[in-house]
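Everything on this sheet refers to the single structure shown next.
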There are 2 protein chains.
Amino acid sequence: MTLNKCDCSLDNHRKENNNILKSANLKATKKRMILLNCLRHSDAPLNAEEIYNILKQDININLSTVYRALSALTDADILVKQILSDGNNVYQINNKNHRHIITCKICNKISYVNICPINDVIDSVSKDTGYEITGHNLEFIGICPNCIEKIEEN
Amino acid sequence: MTLNKCDCSLDNHRKENNNILKSANLKATKKRMILLNCLRHSDAPLNAEEIYNILKQDININLSTVYRALSALTDADILVKQILSDGNNVYQINNKNHRHIITCKICNKISYVNICPINDVIDSVSKDTGYEITGHNLEFIGICPNCIEKIEEN
DNA sequence: GTCTTTGCAAAGCTTTTGCATTCTG
DNA sequence: CAGAATGCAAAAGCTTTGCAAAGAC
């Protein structure tokens, strides 16, 4: 993932981040605001360590602070956490339409998917199981374009 | 999960288990065969520790043996492993139509779902992302009938 | 000034691994 | 008998936690 320093800067989305945090009764600290910008501008969901490594380039921050921020933001529904089939926990901003994920089983690259077939079956699943459905996790697994190319070269 | 001792017994599905293991070039050990029966008769997918606790009632077995057996059987596509949103790794027998899972976000009960909407969108996802799709993981999250009842009582 | 957040180090939990022993075919 | 599987104990990897210091409002 390539991310420009300026993308994460405190001043980006400053008011918006401030409001989001305040409405969740969370202090609008510099570190949380920069963390939000980091996820805002990422083209894939990130895990705690990736976020830590990106933020470290700009500010002093501790890995456990990242973990604590991520879990506070997730509890407040500001972020969505997803655990992937390889055990990797990744986070994305919870805008109306957070997206599903596809992972490459060769290089582990993660990309977003813009399709969600779930809404169509919520009612049937509810009837089938008796559960009230409140959410879902969907991960596709496959081979990314790069890896397909490499395979075809051989 | 309630499971009768006799369900897991070595003699159940003996020939079948033996063949399955042999075709995967795995030794047909007593412990693996009983482990398979344990999953065969479970009405929900189980994690390593649950399997360990069930098997321990009948035989001497070590938790790391359970882990090693599960990963050998998963590599051989005899089992399917799924990691749930709470980080719990569960396993089920990989019969033609292994099933998706729904977890109760209150009591963490896991049940099977008999519906899969994924096949219909594989092509679109592939076009959208450029990936070749080889699999998927789907977990529904909700509130189970028991917990709904408890909520309504209050 | 009070309550929340953060840093640091230590602990926790699940899963994996090394090595000697036992078992399968 | 040769190679695979197992038990045991230790290590690994990721995440959480306790406590004192720093920061937000």
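Since the model is a prediction, treat every value here as computed from it, not as a measurement. Chain letters run A, B, ... following the sequence lines, proteins first and then strands; every chain starts at 1.
- A ring-centre distance under 6.0 Å is found for H13(B) and H41(B).
- For the pair Y67(B) OH and dG18(C) P, the computed distance is 18 Å after rounding to whole Å.
- Taking hydrophobic clusters as Ile, Leu, Val, Met, Phe, Trp and Tyr residues chained together by side-chain heavy-atom distances below 4.5 Å, L26(B) shares a cluster with L36(B).
- Rounding to whole angstrom units, CG of residue L36(B) and P of dA5(D) are separated by 13 Å.
- Remark: the backbone N or O of Q92(B) is not paired with any side-chain donor or acceptor of Q82(B) at under 3.5 angstrom.
- Among the heavy atoms of the strands, none lies under 4.0 Å from A72(A).
- For the pair K56(B) NZ and dG7(D) P, the interatomic distance rounds to 13 Å; values are reported in whole Å.
- When the local axes at the two ends of the helix from dG1(C)-dC25(D) to dG25(C)-dC1(D) are compared, using 5 base pairs at each end, they differ in direction by 40° after rounding to 10°.
- Ion pairing between E16(A) and R40(A) holds under the 4.0 Å rule for side-chain N and carboxylate O.
- More than 12 heavy atoms of other residues, nucleotides or ligands lie within 6.0 Å of CG in D11(B), so this atom counts as buried by the packing criterion.
- With rounding to whole Å, I83(B) atom CD1 is found 13 Å from dT15(D) atom C1'.
- In this entry the distance linking CG of L70(B) with C1' of dT16(C) reads 13 Å, nearest Å.
- In this structure, the ring of H100(B) has its center less than 6.0 angstrom from the ring center of H136(B).
- Both K22(B) and N88(B) lie near DNA chain C, and the one whose nearest nucleotide falls closer to the 5' end is N88(B).
- Under 4.0 Å is where a charged nitrogen must lie from a carboxylate oxygen, and between K105(A) and E132(B) no such pair does.
- Of the two residues contacting DNA chain C, namely K27(B) and N25(A), the nearest-nucleotide position lying further toward the 5' end is that of N25(A).
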Enumerate the protein-to-nucleotides 6-9 of chain C contacts in which both atoms are nitrogen or oxygen and the separation is below 3.5 Å.
from: dT6(C); atom 1: OP1; to: T29(A); atom 2: OG1; distance (Å): 2.8
from: dT6(C); atom 1: O3'; to: K31(A); atom 2: NZ; distance (Å): 3.2
from: dG7(C); atom 1: OP1; to: K31(A); atom 2: NZ; distance (Å): 2.3
from: dG7(C); atom 1: OP1; to: N60(A); atom 2: O; distance (Å): 3.3
from: dG7(C); atom 1: OP2; to: N62(A); atom 2: N; distance (Å): 3.0
from: dG7(C); atom 1: OP2; to: T65(A); atom 2: OG1; distance (Å): 2.1
from: dG7(C); atom 1: N7; to: R68(A); atom 2: NH2; distance (Å): 3.3
from: dG7(C); atom 1: O6; to: R68(A); atom 2: NH2; distance (Å): 2.8
from: dC8(C); atom 1: OP2; to: N62(A); atom 2: ND2; distance (Å): 3.4
from: dC8(C); atom 1: N4; to: S64(A); atom 2: OG; distance (Å): 3.3
from: dC8(C); atom 1: N4; to: R68(A); atom 2: NH2; distance (Å): 3.2

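- Checking side-chain atoms of N18(B) against main-chain N and O of R14(B) turns up no donor-acceptor pair under 3.5 Å.
- In terms of hydrophobic clustering, with Ile, Leu, Val, Met, Phe, Trp and Tyr side chains grouped at heavy-atom distances under 4.5 Å, I122(B) and I115(A) are assigned to a common cluster.
- In this structure, D75(A) places its CG atom 10 Å from P of dT16(D), rounding to the nearest Å.
- Atom P of nucleotide dT16(C) and atom CG of N47(B) are separated by 13 Å, given to the nearest angstrom.
- Atom CG of D86(B) and atom C1' of dC13(C) are 14 Å apart (whole Å).
- Regarding contacts with the backbone of dT15(D), a side-chain N or O of N89(A) is found under 4.0 angstrom from either OP1 or OP2.
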